[in-house]
Amino acid sequence: MTMCRALVRALVIAVVVGASTAGAQLRPRRDGVLPRARMGQQLPDEQRGNRVQLERQVQRMLYQMTRRRVGLSDAQMNQLLPINRRFESQRREIQIQERETRLALRDAMRDSTQADQSRITGYLDKLVQLQRQRVDLIEQEQKDLAQFMTPLQRARYTALQEQVRRRVEQLRRHNGRGLSADTTGAR
């Protein structure tokens, strides 16, 4: 079963990238790290199989950790999973829109000689709107969780979600630095 699908993917990617950069240090540099442009391409079958297996292990770990730390029954876990999938996909969509808007705002601000003030205002308004959507999403998620979780379980679950998100972000930042250092070094 999937648990925090986007977080799991990010965690798996961070683990896979971490493993590949660790292995890169043991091999000649030209074989160790793929250029950034190739990172989004399909993995060979063997690596894809390893990734799927690793993703399943991480999903099981998150499932067990959630069940244990939050104190959920099997019935509660069965109710949580579809709610979690739905809200995670909505959260991911807001994140994508927010990132695109921030990039567009940054580009609009770069042209200081002919900065389009109305465009910049539009981007700022969009960012506020997205923040409102994020708050509305959190509120709706809490209402849905309240249908089958106690307040203590909801608080524990929210704390666990935040802990996992922070850890994934740490891994992303750490592996991002490692990749950029590896790809910019002399060959």
Side-chain angles (χ1 to χ4, degrees), residues 1-18 36-37 39-42 51 55 58-59 62-63 65-66 69-70 72 76-180:
M1 307 217 120
T2 55
M3 191 56 227
C4 299
R5 182 165 234 140
L7 292 174
V8 171
R9 271 197 200 116
L11 187 57
V12 167
I13 289 169
V15 170
V16 169
V17 169
R36 284 190 182 271
M39 286 179 64
Q41 292 181 356
Q42 290 290 328
R51 180 178 174 171
E55 185 173 342
V58 171
Q59 288 171 352
L62 283 172
Y63 180 92
M65 184 175 20
T66 300
R69 286 193 187 175
V70 179
L72 299 177
Q76 287 175 308
M77 285 301 293
N78 288 335
Q79 289 177 289
L80 174 62
L81 293 172
I83 288 172
N84 190 24
R85 267 187 233 115
R86 178 170 36 101
F87 283 105
E88 194 57 44
S89 69
Q90 291 176 28
R91 200 176 349 267
R92 187 174 37 250
E93 182 58 37
I94 290 172
Q95 288 172 337
I96 290 168
Q97 289 179 28
E98 190 174 37
R99 181 176 187 278
E100 290 171 354
T101 304
R102 287 185 190 284
L103 290 172
L105 175 61
R106 184 190 67 192
D107 291 343
M109 291 170 51
R110 279 189 178 153
D111 187 10
S112 60
T113 58
Q114 295 182 340
D116 185 344
Q117 301 299 318
S118 62
R119 245 180 39 175
I120 291 172
T121 297
Y123 293 136
L124 290 170
D125 291 346
K126 177 71 174 179
L127 287 172
V128 170
Q129 175 193 8
L130 290 168
Q131 289 171 355
R132 280 190 194 113
Q133 286 178 9
R134 186 185 315 276
V135 169
D136 291 344
L137 188 68
I138 292 168
E139 184 178 24
Q140 185 59 51
E141 182 179 30
Q142 285 299 311
K143 286 178 184 176
D144 288 4
L145 294 175
Q147 293 176 10
F148 62 93
M149 283 186 189
T150 67
L152 178 59
Q153 287 174 325
R154 287 188 357 239
R156 286 178 177 163
Y157 180 66
T158 302
L160 180 61
Q161 281 182 310
E162 184 58 32
Q163 180 184 11
V164 170
R165 282 190 189 101
R166 273 187 272 131
R167 182 64 181 143
V168 168
E169 188 56 38
Q170 281 178 331
L171 290 169
R172 280 184 184 155
R173 281 194 308 267
H174 174 74
N175 287 328
R177 274 194 307 257
L179 283 176
S180 61

Short side-chain donor-acceptor distance under 3.5 Å, Thr158 and Glu141: no
Heavy-atom check, side chain of Asn84 versus side chain of Tyr157, under 4.5 Å: yes
Exercise: do Asp125 and Gln129 side chains pair donor with acceptor under 3.5 Å: no
Inter-residue atom distance Thr150.OG1 - Leu145.CG, 0.5 Å rounding: 11.0 Å
By side-chain contact (heavy atoms from CB on, under 4.5 Å) - contacts of Arg134 (at least two apart): Ile94, Gln95, Glu98, Ile138
Side chain to side chain contact (heavy atoms under 4.5 Å, CB included) evaluation trace for Leu80 with Met77: CA-CA 5 Å; Leu80 174 62; Met77 285 301 293; 4.1 Å; yes
Distance, nearest 0.5 Å, that separates CD of Gln117 from CZ of Arg119: 10.5 Å
Arg156 vs Met149, side chain to side chain contact (heavy atoms under 4.5 Å, CB included): CA-CA, chis, key distance, verdict: CA-CA 10 Å; Arg156 286 178 177 163; Met149 283 186 189; over 6 Å; no
Note, Val135 side chain near Arg132 side chain (heavy atom, < 4.5 Å): no
Criterion salt bridge (charged side-chain N to carboxylate O under 4.0 Å, His left out) against Glu88, the qualifying member of Arg91, Arg85, Arg86: Arg91
Spacing of OH belonging to Tyr123 relative to CG belonging to Asp107, to within rounding of 0.5 Å: 8.0 Å
Contact check, side chains of Leu124 and Thr101, non-hydrogen atoms, under 4.5 Å: no
Under 3.5 Å: donor-acceptor pair, side chain of Asn175, backbone of Leu171: yes
Check against side chain to side chain contact (heavy atoms under 4.5 Å, CB included), Gln163 and Met65: CA-CA 12 Å; Gln163 180 184 11; Met65 184 175 20; 5.7 Å; no
Option among Glu100, Arg99, Gln97, Arg102 that satisfies the side-chain contact (heavy atoms from CB on, under 4.5 Å) test with Leu130: Gln97
Val70 vs Gln76 side-chain heavy atoms within contact, under 4.5 Å: no
Test item: Gln90 and Gln133 side chains (from C-beta on) under 4.5 Å apart, heavy atoms: no
Salt-bridge contact Glu162-Arg166 (side-chain N to carboxylate O under 4.0 Å): yes
Side chain to side chain, Leu72 and Gln79, heavy atoms closer than 4.5 Å: no
Test item: Glu139 and Lys143 side chains (from C-beta on) under 4.5 Å apart, heavy atoms: yes
Beyond-backbone contact of Arg106 with Leu103, side-chain heavy atoms, under 4.5 angstrom: yes
Distance in Å, Gln153 CD paired with Thr66 OG1, rounded so as to fall on 0.5 Å steps: 12.0 Å
